Amino acid sequence: MRRLLDGLCGLLAGVALFAIMALTLFDVLGRKLLSRSIPGSLELTEILMVVVIFAALPLVSLHGEHVVFDSLDHLLPRWLRRLQQALVDLACAGALAGLAWLMWDKATAMASYGDTTAQLQLPLGPFVQLMAVLCAVTALIHLPLLVQPTSVHRIGVDEAPDVPAGGAT
């Protein structure tokens with residue numbers, strides 16, 4: 001399952017990022033060489049950026065690559081670090097699940113109103129639904145992390161025995 005999620009989210013983020021790069025290249029070339037911009041290029045870039053960010057979110061959680069403030073962790077006993085990490089994962093799962101629910105609700109409303117982008121008239125509902133699904137997937141990723149040792153999902157965090165402050169190893 002992890003490999004499938006890695007592949008799908010990585011492919012989605014990678015394709016969207018490549019599309020942003022290609023769109024930007026051709027838009028700039030068109031402006032410089034033909035004095036014509038690609039219509040709706042800003043809208044497309046914004047939508048593709050949303051895809052990149054939300055497709056990468058499950059990968060960041062899956063690989064434990066969130067920004068972490070851990071300069072005081074060495075002062076805490078191992079059991080407290082594990083408890084702290086479990087509480088953080090629980091909070092992340094809850095917040096992301098709540099966000100997914102709100103986004104899905106908003107996407108449903110947007111679809112019923114027929115909300116579209118200003119220039120290209122692309123429907124916005126499906127993109128917000130994708131955001132909601134990827135938030136929900138990220139929330140589900142945090143649930144098994146509640147019971148795993150910290151070192152399994154946090155790069156650079158070891159499960160070495162507690163060492164007194166200022167003591168040698």
Side-chain angles (χ1 to χ4, degrees), residues 1-31 34-70 82-148 150 152-155:
M1 187 63 155
R2 183 183 174 118
R3 189 174 295 166
L4 177 67
L5 191 60
D6 253 345
L8 288 177
C9 288
L11 180 66
L12 184 59
V15 167
L17 193 57
F18 183 82
I20 290 171
M21 181 191 68
L23 178 63
T24 302
L25 172 71
F26 290 116
D27 189 44
V28 169
L29 286 175
R31 271 187 274 139
L34 307 173
S35 298
R36 291 203 57 192
S37 182
I38 295 175
S41 62
L42 178 62
E43 284 181 356
L44 289 173
T45 300
E46 290 171 345
I47 289 171
L48 289 167
M49 199 60 174
V50 164
V51 173
V52 169
I53 291 166
F54 281 86
L57 190 58
L59 297 175
V60 169
S61 290
L62 190 63
H63 295 285
E65 295 180 353
H66 290 284
V67 175
V68 176
F69 177 75
D70 61 356
R82 281 194 180 177
L83 176 63
Q84 176 191 33
Q85 189 58 56
L87 290 174
V88 167
D89 283 320
L90 182 62
C92 287
L96 286 162
L99 187 60
W101 178 75
L102 289 171
M103 283 182 171
W104 189 266
D105 191 46
K106 181 66 173 175
T108 303
M110 291 172 89
S112 71
Y113 299 148
D115 284 354
T116 61
T117 60
Q119 190 171 5
L120 296 176
Q121 300 298 305
L122 297 173
L124 290 172
F127 294 104
V128 179
Q129 285 175 329
L130 177 65
M131 292 164 58
V133 167
L134 291 168
C135 274
V137 166
T138 308
L140 291 174
I141 288 171
H142 280 277
L143 293 178
L145 297 179
L146 289 168
V147 295
Q148 289 182 330
T150 307
V152 172
H153 58 95
R154 298 293 180 254
I155 297 170

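Bear in mind that the values here come from a model prediction, so they are computed numbers and not experimental data. Numbering of residues begins at 1 and proceeds along the displayed sequence.
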Leu57 side chain near Leu134 side chain, heavy-atom distance below 4.5 Å:
no
Interatomic spacing from CE in Met49 to CG in Leu44 - rounded to 0.5 Å
14.0 Å
To the nearest 0.5 Å, what is the distance between CD1 on Ile141 and CE on Met1?
9.0 Å
Mind checking whether Val50 and Met131 have side chains closer than 4.5 Å, heavy atoms only?
yes
Of the non-hydrogen atoms in Ala139 and Leu96, which two are nearest, and what is the gap between them?
CB-CB, 3.7 Å
Side-chain donor-acceptor pairs under 3.5 Å in residues 117-128, sequence neighbours left out?
unit_1, atom_1, unit_2, atom_2, d
Thr117, OG1, Glu43, OE1, 3.0
Thr117, OG1, Gln121, N, 3.2
Thr117, OG1, Leu122, N, 3.0
Gln119, OE1, Gly40, N, 3.4
Gln121, OE1, Thr116, OG1, 3.0
Gln121, NE2, Thr117, O, 3.2
Gln121, NE2, Ala118, O, 2.8

Distance in Å, Thr138 OG1 paired with Leu99 CG, rounded so as to fall on 0.5 Å steps:
10.0 Å
Which atoms form the tightest heavy-atom contact between Cys135 and Ala100, and what is the distance?
CB-CB, 3.8 Å
Do Val133 and Phe54 have side chains that get closer than 4.5 Å, going by heavy atoms?
no
Side-chain donor/acceptor of Ser61 to backbone N/O of Pro58, under 3.5 Å:
no
Got a second to check how far Leu87's CG is from Leu146's CG, nearest 0.5 Å?
8.5 Å
In Å, rounded to the nearest 0.5 Å, how long is the span from CD of Gln129 to CE of Met110?
10.0 Å
Between side-chain atoms of residues 16-27 and protein atoms elsewhere (two or more places apart, or another chain), which donor-acceptor pairs fall under 3.5 Å?
unit_1, atom_1, unit_2, atom_2, d
Thr24, OG1, Ile20, O, 2.8
Asp27, OD1, Ser37, OG, 2.5
Asp27, OD1, Ile38, N, 2.8
Asp27, OD2, Arg31, NH2, 3.0
Asp27, OD2, Ser41, OG, 3.3

Contact check, side chains of His63 and Arg2, non-hydrogen atoms, under 4.5 Å:
yes
Taking every heavy atom of Ala13 against every heavy atom of Val52, the minimum-distance pair comes out as O-CG2, 3.7 Å
Measuring from Leu59:CG to Leu5:CG, what's the distance to the nearest 0.5 Å?
6.5 Å
When you compare the side chain of Leu8 with that of Leu12, does any pair of heavy atoms fall below 4.5 Å?
no
